[in-house]
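Data block below; observations after.
Note that these values count all heavy atoms, side chains included, but never hydrogens, waters or copies made by symmetry.
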There are 2 protein chains.
Amino acid sequence: MARTTVKERAPRQDNRRSALLDAAATHFADRGFHATSTRELAAAVGMLPGSIYYHFPSKNDLLVAVYDEGVRRIEAAVERAVDGVDDPWQRLEVACTAHLEALLDGGAYARVVVRVQPEDAGDAADDLIALRDRYEALFSGLIAALDLPDVSARRALRLLLLGALNWVQHWYRPGRDTPRTIVRRFMGLLARGETA
Amino acid sequence: MARTTVKERAPRQDNRRSALLDAAATHFADRGFHATSTRELAAAVGMLPGSIYYHFPSKNDLLVAVYDEGVRRIEAAVERAVDGVDDPWQRLEVACTAHLEALLDGGAYARVVVRVQPEDAGDAADDLIALRDRYEALFSGLIAALDLPDVSARRALRLLLLGALNWVQHWYRPGRDTPRTIVRRFMGLLARGETA
DNA sequence: TCATTAACCAAACGATCGCTTGCTTTATAT
DNA sequence: ATATAAAGCAAGCGATCGTTTGGTTAATGA
């Protein structure tokens with residue numbers, strides 16, 4: 001029964017892994033994964049290109065780390081928003097607002113989740129798909145609580161809403177409509193279950 | 001009054017410009033603009049990389065040509081679909097179906113319009129934006145015919161629908177729901193004007 | 001204090017990128 | 001039949017790509 005774990009020291013205070021992650025998030029979100037070079041990222045945090053590989057084994061893995069953090073933040077924002085709200089339609093509306101706020105006013109991490117397509121990650125594409133599915137399951141739960149006629153209506157509502165919300169970043173301009181009013185307008189267009 | 005036009009010969013029959021355009025459309029649609037190299041395109045049509053530049057001055061211009069053709073095809077499909085239909089909501093529904101069919105079952109040209117972001121084109125980004133706006137204006141016209149309460153409701157409906165439709169390609173699987181039924185389900189979720 | 005090691009730097013590797021230049025083939029109009 | 005130009009080919013340009021390798025520095029735990 002020999003101990004296989006080696007004694008490891010804690011990360012240092014001047015560790016710039018998180019700064020690198022931030023730079024990757026903003027660049028991937030603003031210009032796309034393939035349009036961002038590792039040298040740009042290194043320059044953004046003031047390190048040399050090769051130094052990235054001390055923190056991440058590849059550019060793909062860096063993307064996965066950013067994507068993971070992005071999903072985590074959206075999930076957290078949505079869960080925090082619905083907490084304490086009872087009415088199912090109200091829960092859905094505040095969830096949509098939180099989703100949209102994370103996408104628009106939130107950091108770059110959330111934007112990466114919507115902008116970067118899983119296949120861009122190459123080998124790690126499945127990881128991104130799994131993360132995205134995990135979040136959409138959270139959304140499915142909120143819709144399952146609604147009294148909709150059948151399962152296909154629930155599915156359609158989920159895809160309609162998520163699609164419309166995720167597309168907002170293509171036309172959103174800060175300072176005009178807020179995420180809150182956008183969601184109110186979208187939800188106002190919906191027939192809330194009283195249709196056949 | 002000298003004739004400034006030079007006598008030009010017609011294109012040859014073995015011209016492979018259209019084949020090159022097709023290859024660019026499928027590659028840009030399936031793998032993205034930056035993930036596609038000019039060598040891949042050349043290999044797909046059986047020509048050498050440098051030969052591309054006989055037909056197009058740059059990779060960016062090639063994208064603009066594909067994008068332009070994509071917008072043209074979607075516009076044509078939508079205009080053909082609404083032709084002869086009178087009821088405004090019916091016109092909108094068949095337009096959405098045509099839009100979705102062009103995106104999913106249609107060629108790769110239409111998919112490029114939704115997948116590739118204008119900023120990917122570099123200098124020619126404004127060209128792509130102008131093309132996209134032109135199409136959305138067509139859609140705005142269809143929605144203007146509806147009796148919606150105000151201008152913000154019209155705008156919200158346009159953005160909701162186009163967003164949801166354009167997002168479909170992220171989850172669509174051929175052989176399951178058809179574009180027609182997807183649109184019916186989406187439209188079935190909407191309150192058709194009778195709300196405040 | 002001092003050995004350890006986290007966190008880089010410095011320099012380059014081969015591969016691939018978009019693109020250019022000069023030459024060749026061949027369909028076409030006359 | 002022949003001149004002309006369309007539509008490439010052949011070869012390589014300089015730049016940039018993601019990544020590796022070996023050495024350096026300084027924060028940290030004992």
ask   = Can you name the salt bridge (Lys or Arg N to Asp or Glu O under 4.0 Å) partners of B:D68, sequence neighbours left out?
value =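 With neighbours one apart ignored, the set is B:R72.
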ask   = Between A:R31 and B:D120, is there a salt bridge with N-O shorter than 4.0 Å?
value = no
inquiry  = Quick check on DNA chain C: between B:N60 and A:S51, whose nearest nucleotide comes earlier from the 5' end?
reply    =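 Upstream on the strand: A:S51.
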Are any protein N/O atoms closer than 3.5 Å to N/O atoms in nucleotides 16-18 of chain C? If there are, list each pair with its distance.
residue: C:dC17; atom: OP1; partner: B:S37; partner atom: OG; Å: 3.4
residue: C:dC17; atom: N4; partner: B:R39; partner atom: NH2; Å: 3.2
residue: C:dG18; atom: OP1; partner: B:T36; partner atom: O; Å: 3.4
residue: C:dG18; atom: OP1; partner: B:K59; partner atom: NZ; Å: 2.8
residue: C:dG18; atom: OP2; partner: B:T38; partner atom: N; Å: 2.9
residue: C:dG18; atom: OP2; partner: B:T38; partner atom: OG1; Å: 3.1
residue: C:dG18; atom: N7; partner: B:R39; partner atom: NH2; Å: 2.8
residue: C:dG18; atom: O6; partner: B:R39; partner atom: NH2; Å: 2.7

Would you be so kind as to tabulate the donor-acceptor pairs closer than 3.5 Å made by side chains of residues 73-83 of chain B, with sequence neighbours excluded?
residue: B:R73; atom: NE; partner: B:E69; partner atom: OE2; Å: 2.8
residue: B:E75; atom: OE1; partner: B:R134; partner atom: NH2; Å: 3.0
residue: B:E75; atom: OE2; partner: B:R134; partner atom: NE; Å: 2.9

ask   = Contacts to DNA chain C from residues 22-32 of chain B, heavy-atom cutoff under 4.0 Å, which residues?
value =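 Hits under 4.0 Å, by residue number: none.
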According to the ring pair (Phe, Tyr, Trp, His ring centres under 6.0 Å) rule, which pairs have a member within [range], sequence neighbours left out?
{"range": "residues 142-170 of chain A", "answer": "A:W167-A:H170"}
{"range": "residues 110-146 of chain A", "answer": "A:H99-A:Y135"}
{"range": "residues 21-52 of chain B", "answer": "B:F28-B:F33"}
{"range": "residues 145-165 of chain A", "answer": "none"}

Give each protein N/O atom lying under 3.5 Å from an N/O atom of nucleotides 26-30 of chain D, with the pair distance.
residue: D:dT28; atom: OP1; partner: A:Q13; partner atom: N; Å: 3.3
residue: D:dT28; atom: O2; partner: A:R9; partner atom: NH1; Å: 2.9

task = Have a look at A:G122 and say if it touches a base, only the backbone sugar-phosphate, or nothing, with a 4.0 Å heavy-atom cut-off.
result =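 Contact class for A:G122: none.
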[X]: partners by side chain to side chain donor-acceptor pair (under 3.5 Å), with sequence neighbours left out:
{"X": "A:R184", "result": "none"}
{"X": "A:D127", "result": "none"}
{"X": "A:D150", "result": "A:S152"}

task = Rounded to the nearest angstrom, tell me the gap between atom OH in B:Y54 and atom P in D:dC9.
result =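 After rounding, the reported distance stands at 12 Å.
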